[in-house]
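Presented below is the structure to which this report refers.
Below, read A as the first sequence line, B as the second, and so on, with proteins coming before strands; counting in each chain starts at 1. Everything quoted here is computed from the prediction, not taken from an experiment.
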2 protein chains.
Amino acid sequence: MSIEHTILAVLSFWPSTGYNIKSEFEHKAAGLYWGMSYGSIYPKLKKLEEEGFIYAIEQEDEGRKKKMYELTAKGWKEFENWLKIPPSFPIIKDELLMKMSTWHEDMDNEVLISHLLKRKEETSDILKFVQEWPRNGYSYVSKLGCLSIRYAEMKLETEIKWIEESIEALQNNNLPDGQDPHGNTEKLLNRRRRAIGGDKGNCQ
Amino acid sequence: MSIEHTILAVLSFWPSTGYNIKSEFEHKAAGLYWGMSYGSIYPKLKKLEEEGFIYAIEQEDEGRKKKMYELTAKGWKEFENWLKIPPSFPIIKDELLMKMSTWHEDMDNEVLISHLLKRKEETSDILKFVQEWPRNGYSYVSKLGCLSIRYAEMKLETEIKWIEESIEALQNNNLPDGQDPHGNTEKLLNRRRRAIGGDKGNCQ
DNA sequence: TCTAACATGTAAAAAGTTACATGATTCA
DNA sequence: TGAATCATGTAACTTTTTACATGTTAGA
């Protein structure tokens, strides 16, 4: 999915400046979506304007001078055609999960627990936000926007539950069994010790 | 998070070829992580070898000629140092959510439902996989790998539940109320109709 | 014999970030 | 007066994908 369509989507809500588009994602993406940098936004706005999807309303009157962008007829059509295209499966880059699934038995579990606690806090902050935002009295949340936020809410609650379960399992040495028919856990530790050499092998 | 560290992480499990690393992500990423292309993998393997993090075991004997890569002592250390760094918050690009939250009232809800149904199928396939994989009798799943898979399972189940609730709400016109203190829904539709012109405005 | 899977790689393009440069306005 | 926020933009860099090129081997 392209930044271009994401920009059109934001502009469909209301005319915005480049600065505005960035801040829209800063707090409201709510773990549903990713932000973009000015280095992406401004060149894309320029490009979209040149191609006739959006136009600028230069406002030098009300205090600051800024460029508000609004969709053209062509922009609306492009946006709506994009909406109708079946969305591709989400791309997720979750470093915590990558780290946890490759964590090995010569590593200190306390460090992993601290990673989980950090994540729990971040997730809780976002959860708090998505629970308050649709009820704050001034933000615009459409009916379908509300449904999307409901997804974020359910997902974040599930995540917190999983983190709590995982910390509990790590602390009480109550981990699931796994599946290791070929003794891979042992092989891994041996490969590592052989590579590192001697008994300098314990990383705690 | 870098492709380099992800490659080191995969190699920590067992020595692998470039081809192998890609297939590792093809099926096992399980919605937890993203795949990478050969155009990323092979140059990175070369670079990691040059920098002394991995070394190649060229195997021309057993049938096919291939380059198995294994971690060096330096590679193990780099991998483990990376494991200890607090992971950054996941990056998610969920096109379905972006589309749903910017869907507007002149769009056909049936199309949105078809998007949801497609996602439900994709999610169900992955869920089935993560439920069977740790019990298939031959794959290696470490204890912490099992915990990671448990996360995927919970997350995917939650997602399916949300999809079902959402489809139900869309079909029975039972959507949540949203929050629109400034009449933005109306404003949006007016801006759109003005831009598109006349009453060609209905996109169904 | 043919297809699918195995296997390695490069070049060009696309996508996106970081760092920098600049300046106005608001508010404590 | 100084900091935070609003505001726009570019250049260099990094990262990653796409498309191409090439060839082997196992099995139906």
Go through it in stages, so that I can follow the logic: the residues are A/R192 and A/D106, the test is salt bridge (charged side-chain N to carboxylate O under 4.0 Å, His left out), and I'd like the CA-CA distance, side-chain angles, deciding distance and then a yes or no. CA-CA 9 Å; A/R192 174 177 174 271; A/D106 276 349; 3.0 Å; yes
Starting from [atom2] on [N], measure out to [atom1] on [X] and report it in whole angstrom.
{"X": "A/I91", "N": "D/dT16", "atom1": "CD1", "atom2": "C1'", "answer": "11 Å"}
{"X": "B/Y69", "N": "C/dT8", "atom1": "OH", "atom2": "P", "answer": "8 Å"}
{"X": "A/M68", "N": "D/dT8", "atom1": "CE", "atom2": "C1'", "answer": "15 Å"}
{"X": "A/I7", "N": "C/dA15", "atom1": "CD1", "atom2": "P", "answer": "13 Å"}
{"X": "B/K93", "N": "C/dA15", "atom1": "NZ", "atom2": "P", "answer": "11 Å"}
{"X": "B/I41", "N": "C/dT10", "atom1": "CD1", "atom2": "P", "answer": "14 Å"}
{"X": "A/K44", "N": "C/dG16", "atom1": "NZ", "atom2": "C1'", "answer": "8 Å"}
{"X": "B/K22", "N": "D/dT18", "atom1": "NZ", "atom2": "P", "answer": "9 Å"}

Under-4.0 Å side-chain N/O to phosphate OP1/OP2 contact, [X] with [N]:
{"X": "A/Y19", "N": "D/dT8", "result": "no"}
{"X": "A/S40", "N": "C/dT17", "result": "yes"}
{"X": "B/K65", "N": "D/dG23", "result": "no"}
{"X": "A/Y38", "N": "D/dG9", "result": "no"}

ask   = What about B/Y69 and B/Y55, are their ring centers closer than 6.0 Å?
value =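 No, the ring of B/Y69 stays outside the 6.0 Å limit from the ring of B/Y55, centre to centre.
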In terms of side-chain heavy atoms of [X], which of [options] is nearest?
{"X": "B/P43", "options": "C/dT17, C/dT8, C/dT10", "result": "C/dT10"}
{"X": "B/K46", "options": "D/dT10, D/dA7, C/dT10", "result": "C/dT10"}
{"X": "B/S37", "options": "C/dT8, D/dT17, C/dT18", "result": "D/dT17"}

> With a 3.5 Å cut-off and no angle check, do the side chains of B/E95 and A/H5 form a donor-acceptor pair?
Replying inline: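 The answer is no; no qualifying pair exists.
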Sugar-phosphate, base or nothing in reach of A/T17, heavy atoms under 4.0 Å
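Counting heavy atoms under 4.0 Å across all strands, the contact made by A/T17 is with sugar-phosphate only.
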Practice problem: Give B/G39 one of three labels, base, sugar-phosphate or nothing, depending on what nucleic acid heavy atoms sit under 4.0 Å from its own. | Solution: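 Base contact - B/G39 has a heavy atom under 4.0 Å of at least one base atom.
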Handout entry: Any side-chain heavy-atom pair of A/L96 and B/F89 under 4.5 Å
Key =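 No; the side chains remain at least 4.5 Å from each other.
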Practice prompt. Please lay out, stage by stage, how B/K120 and B/E159 fare under the test salt bridge (charged side-chain N to carboxylate O under 4.0 Å, His left out).
Written response: CA-CA 8 Å; B/K120 189 184 170 185; B/E159 191 164 301; over 6 Å; no
